[in-house]
There are 4 protein chains.
Amino acid sequence: MVERIVAAGREVLVEDGYDAFSTNRVAAAAGISPGSLYQYFPDKSAILDLVVDRYTEETAERVAAAMSERIGGIGIEVVRDIVDALLTALEADRALLRVVAEELPLARSGPRRAALERRVGELAATYLLARPEHSRRPVPSVSTWVTVLAIENLAVRWVLDQPAITRDQILDEIVALVAGYLLS
Amino acid sequence: MVERIVAAGREVLVEDGYDAFSTNRVAAAAGISPGSLYQYFPDKSAILDLVVDRYTEETAERVAAAMSERIGGIGIEVVRDIVDALLTALEADRALLRVVAEELPLARSGPRRAALERRVGELAATYLLARPEHSRRPVPSVSTWVTVLAIENLAVRWVLDQPAITRDQILDEIVALVAGYLLS
Amino acid sequence: MVERIVAAGREVLVEDGYDAFSTNRVAAAAGISPGSLYQYFPDKSAILDLVVDRYTEETAERVAAAMSERIGGIGIEVVRDIVDALLTALEADRALLRVVAEELPLARSGPRRAALERRVGELAATYLLARPEHSRRPVPSVSTWVTVLAIENLAVRWVLDQPAITRDQILDEIVALVAGYLLS
Amino acid sequence: MVERIVAAGREVLVEDGYDAFSTNRVAAAAGISPGSLYQYFPDKSAILDLVVDRYTEETAERVAAAMSERIGGIGIEVVRDIVDALLTALEADRALLRVVAEELPLARSGPRRAALERRVGELAATYLLARPEHSRRPVPSVSTWVTVLAIENLAVRWVLDQPAITRDQILDEIVALVAGYLLS
DNA sequence: TATGAATGAGGGTTCATTCAT
DNA sequence: GATGAATGAACCCTCATTCAT
């Protein structure tokens, strides 16, 4: 039932946008009555939080999976594969990404995004520490922070704004950005 | 009068946050009646738009000024100076930056931000075109897009999240990021 | 306008009872929209408070007037006249008295009633102090408290329950009660 | 089971007040499901009614017991003992008395209170009829009504408001009130 | 032009009651 | 009998917008 509500919430968000995310609308989409929401959630924002949580976790999961799979690999191709996975994950539900990234008050999606960044960042930091030859930057925590934020933003904007840049191009550019930063 | 309203709107935004940005509140802050707002703006969101516009323009102005000033300069120090100017501009009104970047539905500030990016991007592209030796990336428009977006996001997050990274450090890192990207 | 709302509130209270005292109902009775209530009252309970205040003050006023008028008089007839005035005041709007005394959570009407008691009590105490021969009770503040509470309750119950006791009878009884108490 | 529910209702009333007296809360306190309430009570107010009934009966029982015990006694001390018993009964559960007398719409506790008054009144009337020398008032039913109501209200207010009057004082005063009324 | 009282749809939430299990 | 999830009408209140003055 919680799942049904979360699904309905996601649907409302995708189909009608954040402004339409009212308890009445979500309940209607879930095919239940407004009062029933409150048997599973303390208030409206808890529903929204869980919808965003689920989405963020989904995305984090895919990226983290790609990372742990590829992380044994050699050279710069690792980065390309990971970013490729990230793009794929973001492309999976562009409509929801748009709402989460652009309509939600960032204060709501911010913490989830930060969690994602932390999770991915830790993996990356571990990797960099294990292979010091892969980074010439002096402070690993800092270069991780920089790398993760830069990649994340570029990926999100590329998916949402769909600039005149091909997928291969953006992958090349991001790889070049990261490689140039860490290795030169 | 429009200016008075915009100033009031900005004040409300900074002092009380986005949720308090109601027409009544803005009118009160401007010392006029709610009805009078509608003589100068078609609706509430037009006021908000103009507030954000003004802020974005201010910031763009400062960065563009720094760019045209420094753009004749030599080498990588140019980048450092420009990023420095950007940080300074963002630090000028951290409270408003927080509201604009974190509380506003990004959809509202998005277009203004895009305008800023375009403006700065054009300057950068012009520069890179004029001095091809400064970039080894194949498509200037793409590398400009990448550079501008990466820098912008890192700068905003550094100012807002205040991570344990000194100002000099973040400048070094951004310079390294850009230099590594464009030159290697 | 405040008066119009108070009148409407009183009407709803009298006509439909306390449970029907909803903001929508009061607004409808006042011929205005629900939102307009909030231009004159901070919340629903403020409306109710004022309705009860007005009623209590009205009643207190009448009784106090009778008291100051008669208080120069001689002997026990003074008490009779005052209680008569009290009965008259309570009979003036029996329907509202019923709601105020029986439907309202006493916590709401309690403080107003207490104020009325205090006001009347002070007058009575002053009188008793000025004419010590009128009371043989040792502690004036206590005998005042006892007298006021006893009279008030008897008067209210007589008006509301309409027991098989004539008006003259109840006046006689209350006079006997008070006289016997204070003078014997 | 009915008893369990009544006990739970009383608990909720005492612990959390009238506003918290919801079917869900009472059911939870009784360790049963909300739906089960309706197997024993037609609706919520029936539960409340029975809780109040029980409490009123308890109180009536104690007072009536004291009355039949003392009623053979001589003189005014009888009154004192009975009022003493009443105060003791009211003090037994001051928290519940407060809720019943101050938070409940009086309309709900009114009929129960009236029953108590009738019961006590009948005892008193019987007594007065049997010993005509104890009252000089002309209509026993009327003087009983007056006496019972006056005593009841004074006792309740004394227990709840805790004015600066000692227990002995209030007993003295009530005795004086009654004695003066009936005998002078 | 400026006002600001009035609007009223819609918001989130509660809770007595029902009924399929 | 017992359950407890589901109901949905009704609650109080907000606020962008309007319009008579």
Is there side-chain contact between [X] and [Y], with heavy atoms separated by less than 4.5 Å?
X         : Y        : result
Met1(A)   : Gln39(A) : no
Leu97(D)  : Tyr55(D) : yes
Val99(A)  : Phe21(A) : no
Leu160(D) : Arg94(D) : yes

Ion pair check, [X] and [Y], cut-off under 4.0 Å:
X         : Y        : value
Glu11(A)  : Arg25(A) : no
Glu58(D)  : Arg10(D) : yes
Arg112(D) : Glu57(D) : no
Arg119(B) : Glu61(B) : yes
Glu91(B)  : Arg98(B) : no

Taking [atom1] from [X] and [atom2] from [N], how many angstroms apart are they, rounded to a whole number?
X        : N       : atom1 : atom2 : value
Asp19(A) : dG10(E) : CG    : P     : 14 Å
Asp43(D) : dT18(E) : CG    : C1'   : 14 Å
Ile5(B)  : dT1(E)  : CD1   : P     : 13 Å
Lys44(C) : dT13(E) : NZ    : C1'   : 15 Å
Phe41(A) : dG12(E) : CZ    : P     : 15 Å
Asp49(D) : dA16(E) : CG    : P     : 14 Å

For this session: Kindly point out which of dA16(E), dT13(E), dC15(F) is positioned nearest to the side chain of Ser22(B)?
Result: dC15(F)

For this session: Identify, residue by residue, the members of residues 23-39 of chain A with a heavy atom below 4.0 Å from DNA chain F, and return them in order of residue number, or none.
Result: Ile32(A), Ser33(A), Gly35(A), Ser36(A), Gln39(A)

For this session: Toss me the dot-bracket line for DNA chain E: Watson-Crick and G-U wobble, both under 3.5 Å, 5' to 3', using | for pairs to another strand and [ ] for crossers.
Result: .||||||||||||||||||||

Seminar exercise, completed: 5'-most contact on DNA chain F (nearest-nucleotide basis), Arg4(A) vs Met1(D), goes to Met1(D)

